[in-house]
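Basis for what follows: all heavy atoms, side chains included, without hydrogens, waters or symmetry-related copies.
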Amino acid sequence: MKWNNFITMIMGSISGILFALGMCMGLLPEWHMFMPGIILGLIGAVGGLITLLVRRRMDGKEMIKLNLRTILITLYGIIAALIFGIGMSWTLVGGVVIGGIVCGIIGLVMLIALVPMIKGIVR
């Protein structure tokens with residue numbers, strides 16, 4: 001395993017665990033830890049962004065350019081992930097099985113559409 005991959009794996013795993021634990025803490029009312037969960041989730045999200053920047057630096061790539069296209073694709077990805085998550089929540093927790101499945105499939109198709117948006121389609 002290359003050093004770049006190892007460092008990225010460790011940093012990504014730690015930030016992912018922090019984010020997931022923070023979201024569980026914040027969204028499960030039985031735990032009564034909303035604010036600490038939000039803070040821990042934000043720490044995990046910032047760690048994920050730092051991991052992305054460190055990986056690009058280790059690979060010798062330039063930093064991500066913040067232009068309108070990048071911002072719109074990021075917003076689209078966030079909205080698609082939220083729609084997918086809403087569908088999963090409706091199905092698993094809300095009892096709205098058919099509506100949740102439909103909403104989840106719409107979110108999934110939106111997430112799949114991110115690949116051609118970012119990479120493009122080459123013949």
Side-chain angles (χ1 to χ4, degrees):
M1 173 180 275
K2 290 183 177 180
W3 180 251
N4 294 359
N5 294 337
F6 179 72
I7 294 298
T8 305
M9 180 182 68
I10 297 298
M11 290 180 68
S13 297
I14 291 171
S15 62
I17 289 169
L18 290 176
F19 180 76
L21 184 60
M23 291 300 100
C24 287
M25 289 168 62
L27 297 175
L28 291 175
E30 296 87 13
W31 289 16
H32 305 291
M33 299 187 86
F34 181 75
M35 280 310 294
I38 296 299
I39 293 168
L40 192 61
L42 286 174
I43 291 170
V46 169
L49 291 174
I50 291 171
T51 302
L52 174 68
L53 297 176
V54 167
R55 178 59 190 232
R56 291 187 68 85
R57 177 76 158 217
M58 290 170 72
D59 288 343
K61 296 179 180 176
E62 63 185 40
M63 290 298 153
I64 298 172
K65 298 175 190 168
L66 284 181
N67 55 21
L68 183 62
R69 180 179 183 272
T70 304
I71 293 170
L72 289 177
I73 287 176
T74 302
L75 287 175
Y76 176 83
I78 291 170
I79 291 168
L82 286 173
I83 291 173
F84 182 68
I86 288 169
M88 287 179 50
S89 297
W90 281 354
T91 303
L92 298 173
V93 179
V96 186
V97 177
I98 301 298
I101 290 172
V102 170
C103 184
I105 289 173
I106 291 170
L108 183 64
V109 168
M110 289 175 71
L111 286 170
I112 291 170
L114 273 171
V115 176
M117 279 185 204
I118 295 170
K119 297 288 184 183
I121 299 174
V122 180
R123 196 174 268 260

Approximate separation, where rounding is to 0.5 Å, of [X] [atom1] and [Y] [atom2]:
{"X": "Lys2", "Y": "Ile7", "atom1": "NZ", "atom2": "CD1", "value": "14.5 Å"}
{"X": "Leu18", "Y": "Ile39", "atom1": "CG", "atom2": "CD1", "value": "13.0 Å"}
{"X": "Met23", "Y": "Ile38", "atom1": "CE", "atom2": "CD1", "value": "4.5 Å"}
{"X": "Met58", "Y": "Asn5", "atom1": "CE", "atom2": "CG", "value": "8.5 Å"}

request  = Assess whether side chain to side chain contact (heavy atoms under 4.5 Å, CB included) is satisfied between Phe84 and Met88, documenting all intermediate values.
outcome  = CA-CA 6 Å; Phe84 182 68; Met88 287 179 50; 3.3 Å; yes
query = Taking it one step at a time, do Leu53 and Leu49 satisfy side chain to side chain contact (heavy atoms under 4.5 Å, CB included)?
reply = CA-CA 6 Å; Leu53 297 176; Leu49 291 174; 5.5 Å; no
query = So, for Ile121 and Pro116, which heavy atoms are closest and what is the spacing to 0.1 Å?
reply =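 Answer, listing the atom of Ile121 first, then Pro116: CG1-CB, 3.8 Å.
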note = Note: Ile83 and Cys103 closest approach over all heavy atoms is O-SG, 3.3 Å
Starting from [Y], can I reach [X] by hopping between I/L/V/M/F/W/Y residues whose side chains sit under 4.5 Å apart?
{"X": "Ile79", "Y": "Ile118", "answer": "yes"}
{"X": "Met9", "Y": "Phe19", "answer": "no"}
{"X": "Met33", "Y": "Leu21", "answer": "yes"}
{"X": "Ile14", "Y": "Val54", "answer": "yes"}
{"X": "Leu114", "Y": "Ile106", "answer": "yes"}

request  = Please lay out, stage by stage, how Phe34 and Met25 fare under the test side chain to side chain contact (heavy atoms under 4.5 Å, CB included).
outcome  = CA-CA 6 Å; Phe34 181 75; Met25 289 168 62; over 6 Å; no
message = Any heavy-atom pair between the side chains of Arg56 and Asp59 that's under 4.5 Å?
response =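 When only atoms from C-beta onward are counted, Arg56 and Asp59 do not touch, as no gap falls below 4.5 Å.
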query = Going by the side-chain hydrogen bond (donor to acceptor under 3.5 Å, both in side chains) test, which pairs reach into residues 60-72, not counting sequence neighbours?
reply = Glu62-Lys65, Asn67-Thr70
All pairs passing side-chain hydrogen bond (donor to acceptor under 3.5 Å, both in side chains) where residues 76-105 contributes a residue, at least two apart = none
request  = With sequence neighbours left out, write down each residue that passes side chain to side chain donor-acceptor pair (under 3.5 Å) with Thr8, or none if nothing qualifies.
outcome  =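 Thr8 satisfies side chain to side chain donor-acceptor pair (under 3.5 Å) with Arg55 only.
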key: side chain to side chain contact (heavy atoms under 4.5 Å, CB included) evaluation trace for Ser15 with Ile50   = CA-CA 9 Å; Ser15 62; Ile50 291 171; over 6 Å; no
query = More than 12 foreign heavy atoms under 6.0 Å from CZ of Arg57: is that the case here?
reply = no
